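Single-structure report; data block below.
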Amino acid sequence: MSKRNIIIISSLVVAVLLVFAGIYYYQATHFNKHVTINNTKVGGLTTNQALKKLKSAVSRNVVYVGEKRIYDGKDTKMGFTNKDLSEVKNLLKKQQTFFPSSKVKNYSLKPSQVDRDHQQTMEKKIKEKLLKMNKGLKVPKDAEAHLKKGKISISKSVNGKQYDIASLLKDYEEQSYNSEIHLNPLYIQPIKENSPIIKEEKKKLQELVQRTVNYKVQDKVYAFKASELIKNASVTKNMKYVIDKSGIEKKLDDINHSQSTLNKNYTFKTHSGSVISVKGESYGWAIDIGEEAKRIQEALEKGKKTILAYNVYGVGWNPNGVGYHTTTNHGIGNTYVEVSIKEQRIWVYKDGKLKVTTNVVTGRHDVHEDTPTGVWYIMYKQSPSILKGSEVGNSNYSIKVSYWAPFTNSGCGFHDASWRKNWAKDAYLKQGSGGCVNTPPSAMKTVYNNISQYEPVIIY
């Protein structure tokens with residue numbers, strides 16, 4: 001090769017290198033053609049030129065979801081200052097290519113002087129707008145595992161048209177410094193049939209129907225099998241059971257009918273050996289079906305094997321039920337007070353042994369102030385006491401007694417009657433009390449000392 005040719009080639013190489021050097025320098029100092037920062041065009045500008053443009057730029061505060069404009073606010077300054085130059089330079093390095101690029105790219109850059117109050121107000125308004133828009137849109141329906149009529153099935157999911165507001169607001173936060181904000185229209189997605197959540201719901205229902213709780217009422221045990229008693233149930237998204245308790249309540253109601261004693265007749269063997277039936281009044285108990293159904297449901301949910309009946313109720317002085325812990329002698333037990341209207345006499349038994357018996361005078365018969373019959377219980381004891389009330393012939397009385405043990409809410413009870421002169425067996429017919437059981441003062445202390453609160457009183 002001639003010397004002349006070598007010189008020509010070398011000159012061409014130098015020229016090409018100079019061209020490439022020029023391109024590289026330009027690319028290193030200027031933004032590509034279709035680059036924007038916060039929707040402000042900076043293509044072909046240096047960092048200083050871009051910052052100058054940003055400092056004078058305004059934010060249109062327009063928000064789109066897809067093609068739909070949902071918000072159009074007043075123009076505001078973006079808030080760029082000279083402090084932002086270093087961040088603009090970083091964006092230049094990030095977008096830099098060796099050769100010029102026509103690729104469209106919008107960068108979001110947080111200005112150094114941000115009007116946070118304005119941002120928060122704008123975000124709040126956008127959220128309100130999205131919520132309002134969602135009200136008129138189809139709600140998606142999640143797939144769900146159900147126990148229905150005793151069988152487990154999975155319902156199908158249904159797509160909706162409601163916006164996923166949380167995701168949209170997150171997208172907004174990332175673009176909040178742009179002049180125009182274009183949010184990708186994201187929709188709330190329903191939980192699908194094959195999702196792990198639905199599989200877990202189904203598993204929990206399968207576990208539930210296999211469980212049994214042994215429920216002990218006094219000395220009897222009842223098996224509450226979920227497979228028999230729970231026909232309808234579901235599981236919430238936080239994996240909590242929602243159970244139709246009607247089957248559990250029905251079984252508790254059956255137990256009440258067969259075993260509870262409240263407002264039922266008691267079989268009672270009198271002092272003479274005769275067996276009678278006496279209506280239960282204040283004495284007795286029944287299962288609180290609503291509260292106990294909740295406990296049994298909870299036990300089934302947690303996989304407990306056995307629970308004892310806890311919520312029982314009664315009437316009168318003690319609303320929690322009296323006699324629940326007594327199972328002998330047809331529910332009355334062997335400690336009680338027996339009152340015979342016909343014989344005008346009482347018998348006080350302690351653990352099956354007669355402690356005291358005495359003649360008494362009960363309520364006056366001819367004016368229908370008879371001592372009420374039935375199975376009651378001692379409400380409380382008080383010594384001494386002042387009795388206040390009314391009776392036929394005496395509209396307002398106040399009498400002091402040494403011993404007082406009421407057994408009805410209406411004011412009937414045992415007490416001494418020092419004022420009484422007629423203690424004859426037939427005194428109650430025309431000269432009886434106002435309903436109480438008048439007990440001779442000589443015997444009342446012994447009676448009082450041998451009776452206790454909540455012990456049954458059988459009057460017949």
Side-chain angles (χ1 to χ4, degrees), residues 14-130 163 165-186:
V14 170
V16 169
L17 290 173
L18 287 173
V19 169
F20 277 115
I23 292 172
Y24 177 78
Y25 175 78
Y26 183 87
Q27 287 299 105
T29 56
H30 292 76
F31 286 99
N32 283 320
K33 184 177 180 180
H34 296 299
V35 172
T36 58
I37 299 176
N38 294 8
N39 294 125
T40 299
K41 295 178 180 180
V42 294
L45 301 180
T46 65
T47 53
N48 285 321
Q49 292 170 335
L51 180 59
K52 183 179 179 180
K53 191 172 184 180
L54 289 170
K55 286 165 64 178
S56 62
V58 295
S59 176
R60 291 182 57 212
N61 294 316
V62 177
V63 181
Y64 292 85
V65 175
E67 298 298 321
K68 186 173 184 178
R69 185 169 63 182
I70 68 167
Y71 182 81
D72 191 351
K74 293 181 180 179
D75 292 353
T76 57
K77 281 284 187 180
M78 283 191 180
F80 284 98
T81 69
N82 291 334
K83 295 179 181 179
D84 297 306
L85 182 60
S86 61
E87 293 300 324
V88 175
K89 288 180 177 179
N90 287 336
L91 290 183
L92 178 65
K93 291 179 182 178
K94 185 183 291 186
Q95 67 89 59
Q96 186 177 357
T97 57
F98 188 82
F99 291 104
S101 172
S102 60
K103 186 177 181 181
V104 176
K105 182 68 177 177
N106 179 58
Y107 291 101
S108 182
L109 185 61
K110 180 181 178 181
S112 56
Q113 290 185 355
V114 177
D115 188 343
R116 297 190 181 279
D117 290 338
H118 170 74
Q119 269 196 337
Q120 290 174 357
T121 300
M122 188 170 166
E123 183 174 355
K124 182 181 178 182
K125 289 181 178 180
I126 292 168
K127 182 178 181 180
E128 290 172 351
K129 178 66 176 179
L130 290 169
Y163 292 108
I165 295 177
S167 297
L168 288 173
L169 290 177
K170 185 177 180 181
D171 189 10
Y172 165 78
E173 288 177 4
E174 293 175 356
Q175 301 186 50
S176 60
Y177 311 114
N178 290 347
S179 177
E180 287 186 5
I181 297 173
H182 293 266
L183 303 177
N184 188 27
L186 301 173

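Note that the coordinates shown come from a computational prediction; the quantities given were computed from them, not determined experimentally. The chain is numbered in sequence order, starting from 1.
At a threshold of 4.5 Å between non-hydrogen side-chain atoms, the residues V63 and K129 do not count as touching. Contact of the D75 side chain with the S59 side chain is not registered, since no non-hydrogen atoms from C-beta on lie closer than 4.5 Å. Side-chain contact check for Y172 versus M122: some heavy-atom pair is nearer than 4.5 Å. Using a 4.5 Å cut-off on side-chain heavy atoms (C-beta onward), K105 and N32 make no contact. Counting heavy atoms from C-beta on, the side chains of V88 and F31 come closer than 4.5 Å. Annotation: side chain of K41 is in contact with side chain of K53 (closest heavy-atom distance under 4.5 Å). Side-chain contact check for V42 versus L91: every heavy-atom pair is 4.5 Å or farther apart. The shortest side-chain heavy-atom distance between F80 and N38 falls under the 4.5 Å cut-off.
Residue S179 comes nearest to M78 through the heavy atom pair CB-CE, 3.8 Å, listed as atom of the first residue, atom of the second, then distance. Across all non-hydrogen atoms, the minimal contact from I70 to V65 is CD1-CG2, 3.6 Å. Looking at every heavy atom in both residues, K77 comes nearest to K55 through NZ-O, 3.7 Å. Of all the heavy atoms in H34 and S102, the pair that sits closest is CD2-O, 3.0 Å. Across all their heavy atoms, Q175 and S108 have their closest contact at CA-OG, 4.2 Å.
How far CD1 of I126 is from CD of E128: 10.5 Å, rounded to the nearest 0.5 Å. Expressed to the nearest 0.5 Å, how far NE2 of H118 lies from OG1 of T76 amounts to 4.0 Å. A distance of 10.5 Å separates CZ in R69 from NE2 in H182, rounded to the nearest 0.5 Å. Taking CG of L109 as the start and CG of N90 as the end, the distance is 9.0 Å to the nearest 0.5 Å. Here the CG atom belonging to L183 is positioned 5.5 Å from the CG atom belonging to L168, to the nearest 0.5 angstrom. The line from CD of E173 to CD1 of I181 is 10.5 Å long, rounded to the nearest 0.5 Å.
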Under the side-chain contact (heavy atoms from CB on, under 4.5 Å) criterion, do E87 and K110 qualify, and how do the steps go?
CA-CA 9 Å; E87 293 300 324; K110 180 181 178 181; over 6 Å; no

Carefully, step by step, assess N61 and K74 under the rule side-chain contact (heavy atoms from CB on, under 4.5 Å).
CA-CA 6 Å; N61 294 316; K74 293 181 180 179; 5.6 Å; no

Could you walk me through whether T121 and K125 pass the side-chain contact (heavy atoms from CB on, under 4.5 Å) check?
CA-CA 6 Å; T121 300; K125 289 181 178 180; 3.9 Å; yes

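Looking at Q95, H30, K103 one by one, the single match for side-chain contact (heavy atoms from CB on, under 4.5 Å) with V35 turns out to be Q95. Under the side-chain contact (heavy atoms from CB on, under 4.5 Å) rule, K89 has a single partner from T47, L51, T46, D84, which is T47.
The number of heavy-atom neighbours closer than 6.0 Å to OH of Y25, taken from other residues, nucleotides and ligands shown, is 12 or below.
By the 30° and 60° cut-offs, the orientation of the rings of F98 relative to Y24 is tilted.
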